[in-house]
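Data first, discussion second: the structure below is written as structure tokens.
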Number of protein chains: 2
Amino acid sequence: MQSAQASTEEPLYSIGAVERDTGLTKDTLRVWERRYGFPTPVRDANGERVYSREQVAKLRTLKRLLDRGHRPGRIIGRSLAELVALADAAPAAAPEPVLAEAPARILALLREHRVAELREELGQSLMRQGLAGFVTETVAPLNRAVGDAWMRGQIEVFEEHLYTETMQGVLRGAIASIPQHGRPPRVLLTTLPNEQHHLGLLMAQAMFTLEGATAISLGTQTPIFDIVLAAASHRADVVALSFSSAYPTVQVADGLEELRAKLPRAVELWAGGTNAGLRRRDLTGVRICDTLEAIAPALAEWRAAAAAA
Amino acid sequence: MQSAQASTEEPLYSIGAVERDTGLTKDTLRVWERRYGFPTPVRDANGERVYSREQVAKLRTLKRLLDRGHRPGRIIGRSLAELVALADAAPAAAPEPVLAEAPARILALLREHRVAELREELGQSLMRQGLAGFVTETVAPLNRAVGDAWMRGQIEVFEEHLYTETMQGVLRGAIASIPQHGRPPRVLLTTLPNEQHHLGLLMAQAMFTLEGATAISLGTQTPIFDIVLAAASHRADVVALSFSSAYPTVQVADGLEELRAKLPRAVELWAGGTNAGLRRRDLTGVRICDTLEAIAPALAEWRAAAAAA
DNA sequence: CGAGGCATTTTGTCCTGGGCAAATCTCAAT
DNA sequence: ATTGAGATTTGCCCAGGACAAAATGCCTCG
């Protein structure tokens, strides 16, 4: 049943479809309409919102800009063309970062969708540098570079997904190939809820495992209550959390404090990652590992203390 | 500031958390409360719903029964024990009363937190059965078993995390060891936003790769628009999506329809997973792979068609 | 007794318009 | 420069009503 002028056949979207498509919740879509006068969906016979293709496109672009730190009130009035221009513009005065040779080559492969070569190149870097060198000198700069490129709009979402997925495969493969001795300390690795970034966790796991510690990873997003349970069940000596820069800065300290309070005294709490919140408040009872290189000395310290006791 | 009896401190869930955990939308949760008197969340200082662990467990079980065709009004009044009995009773064609020997042993290891042995046992099953057999006869039943145990509250969240993480390592290792020939079809694998389950995707990737296809995984949660972009960039012949039972049933058909409309005709769209929504509406232009075993014949068909053209 | 068509119930999604806390911004003061 | 208080922005949640699609029950007719 097409209407008489269905020839133009504009695809129309219900509010649920727009939610799926843009990642903006129904609540947000309604509240924007009320507050900012955009979007302006027409209504169907039943009074329900019907969004046009253009508006969905603009909403999608808006969502991307929000993810990069823009605020809706500031940009929602602009035209789609302006928004696209904004997305392309480099944010503020961030100079094009200079990359070492290998990371630059790898980034180029990612941009050109050469999956097999990308994986190959990563594998070669790994063999050349060893896992520790690979993690600190290739993976960490690459993560930065991919993140930067994403902020600049130079990289599509799916390219970033592909990067994460590929790197995850390489890192996991490397970690699995390290012989496990079951030596102390027993380190429980995870992230708090809403922290989805998996690569930081894997890098840390690699460093811990390389140093001969017994690393047990729960993956991302473990509720605090369950971290405490897990630490007890696995008789963990150390609980290590990773915080990416995408994680809300304020929640870092709160989460660590709460976890610290609920963990037994004897269990140490270590935190690391690129999040700025790790360097703010002084967190008593939490060891901050600013860089991946800080993991080895921290482990050495722990072992010295354990030997003394 | 802990309350006097903070030691018991049950974890509490907001309505948004319950939505994520159970796959029941906020609207549904509120309307059930209004109509059936269940769930009965307490309210926090701000008047917002706070759900207990037990109620979330019951809601999860209810969701599972709904997926099997039960209706909420008929079963919502029963106790969790009754619901579990109902879930166990006659799941039609698949009684599966006794877990095969290996999966049972593996589940026991998980419950006892013997990580090293768990990984070892999984590795041995893999070697014994080969990857295809491992995926269909060990991983798939194990996923079920873990899901069931979780639904009944027999397994902690962190145990489920550990299972997922460990299995992910094993599967990725196995996939990486398959030689890649770059043969067609080129298959792009991912899930839609809000679908976080990674194991289904990895199992599918294993099957595709085993059959000699070129599988490119974007990991989970790729927006529809970006799937379309990725399919073009990677010149995909097939886009394959995975839907776990936690994904809102109704959105399955909608999401697939929308993606189908935006993908070029020449690109096939395949979908699989445990979600009940895959068996509901007739989805034109989408190939449903009910089981992992269905992937091989589907590939064979595609190749036959490609050869004919 | 079975099949098909129609009425009724069930169920999930969408609606409006309001409220609140957390995040962010602004700007003065140290 | 940094900090801190106040103002603003923003997303999520609430209540309770309405409606359409799906499922079920009922009734008639062959």
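Throughout, a chain's letter reflects where its sequence line sits, starting with A, and its residues are numbered from 1.
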Want to settle it: does Arg49(A) or Ala45(B) sit nearer the 5' end of DNA chain C, counting the closest nucleotide to each? Arg49(A)
Do any side-chain nitrogens or oxygens of Tyr36(A) fall under 4.0 Å of OP1 or OP2 in dT9(D)? no
Proximal nucleotide (of dG25(D), dC14(D), dC13(D)) relative to the Ser14(B) side chain: dC13(D)
Short N-O contact, Arg64(A) and Glu156(A), less than 4.0 angstrom: yes
Could you pull out all residues at least two apart from Arg43(B) that satisfy side chain to side chain contact (heavy atoms under 4.5 Å, CB included)? Glu33(B), Arg49(B)
Rounded at 0.5 Å granularity, tell me how far CZ in Arg60(A) sits from CG in Leu80(A). 9.5 Å
Once base and sugar-phosphate atoms are separated, protein heavy atoms under 4.0 Å mark nucleotides 3-8 of chain D, 5' to 3', with B, S and - as ------
Selection: residues 24-34 of chain B, any non-hydrogen atom under 4.0 Å of DNA chain C: Thr25(B), Asp27(B), Thr28(B), Val31(B), Trp32(B)
Base, sugar-phosphate, or nothing: which does Leu66(A) touch, judged by heavy atoms less than 4.0 Å apart? sugar-phosphate
To the nearest 0.5 Å, what is the distance between CG on Leu229(B) and CD1 on Ile224(B)? 12.5 Å
Side-chain (Thr222(B)) to main-chain (Leu192(B)) donor-acceptor, under 3.5 angstrom: no
Under 3.5 Å, which donor-acceptor pairs link side chains of residues 34-42 of chain B to any protein atom two or more places apart or in another chain?
| residue | atom | partner | partner atom | Å |
| --- | --- | --- | --- | --- |
| Thr40(B) | OG1 | Gln55(B) | NE2 | 2.9 |

Do Glu268(B) and Arg287(B) meet the salt-bridge criterion of a basic N to acidic O distance under 4.0 Å? no
Is there a side-chain contact between Arg35(A) and the phosphate of dT9(D), meaning an N or O under 4.0 Å from OP1 or OP2? no
What bend angle does the helix from dC1(C)-dG30(D) to dT30(C)-dA1(D) show across its length, from five-pair end axes and to the nearest 10 degrees? 30°
On DNA chain C, compare the nucleotides closest to Glu19(A) and Asn46(B); which residue's is nearer the 5' end? Glu19(A)
Sorted by position of nearest nucleotide on DNA chain D, 5' first, the leading residue of Arg74(A) and Ile15(B) is Arg74(A)
Side chain of Glu48(B): nearest nucleotide among dC19(D), dC14(D), dG25(D)? dC14(D)
Does a side-chain heavy-atom distance below 4.5 Å link Arg30(B) with Ile15(B)? yes
Salt-bridge contact Glu195(B)-Arg20(A) (side-chain N to carboxylate O under 4.0 Å): no
DNA chain C: first to last nucleotide in contact with chain A (atom under 4.0 angstrom from a heavy atom), 5' to 3', is dC14(C) to dT26(C)
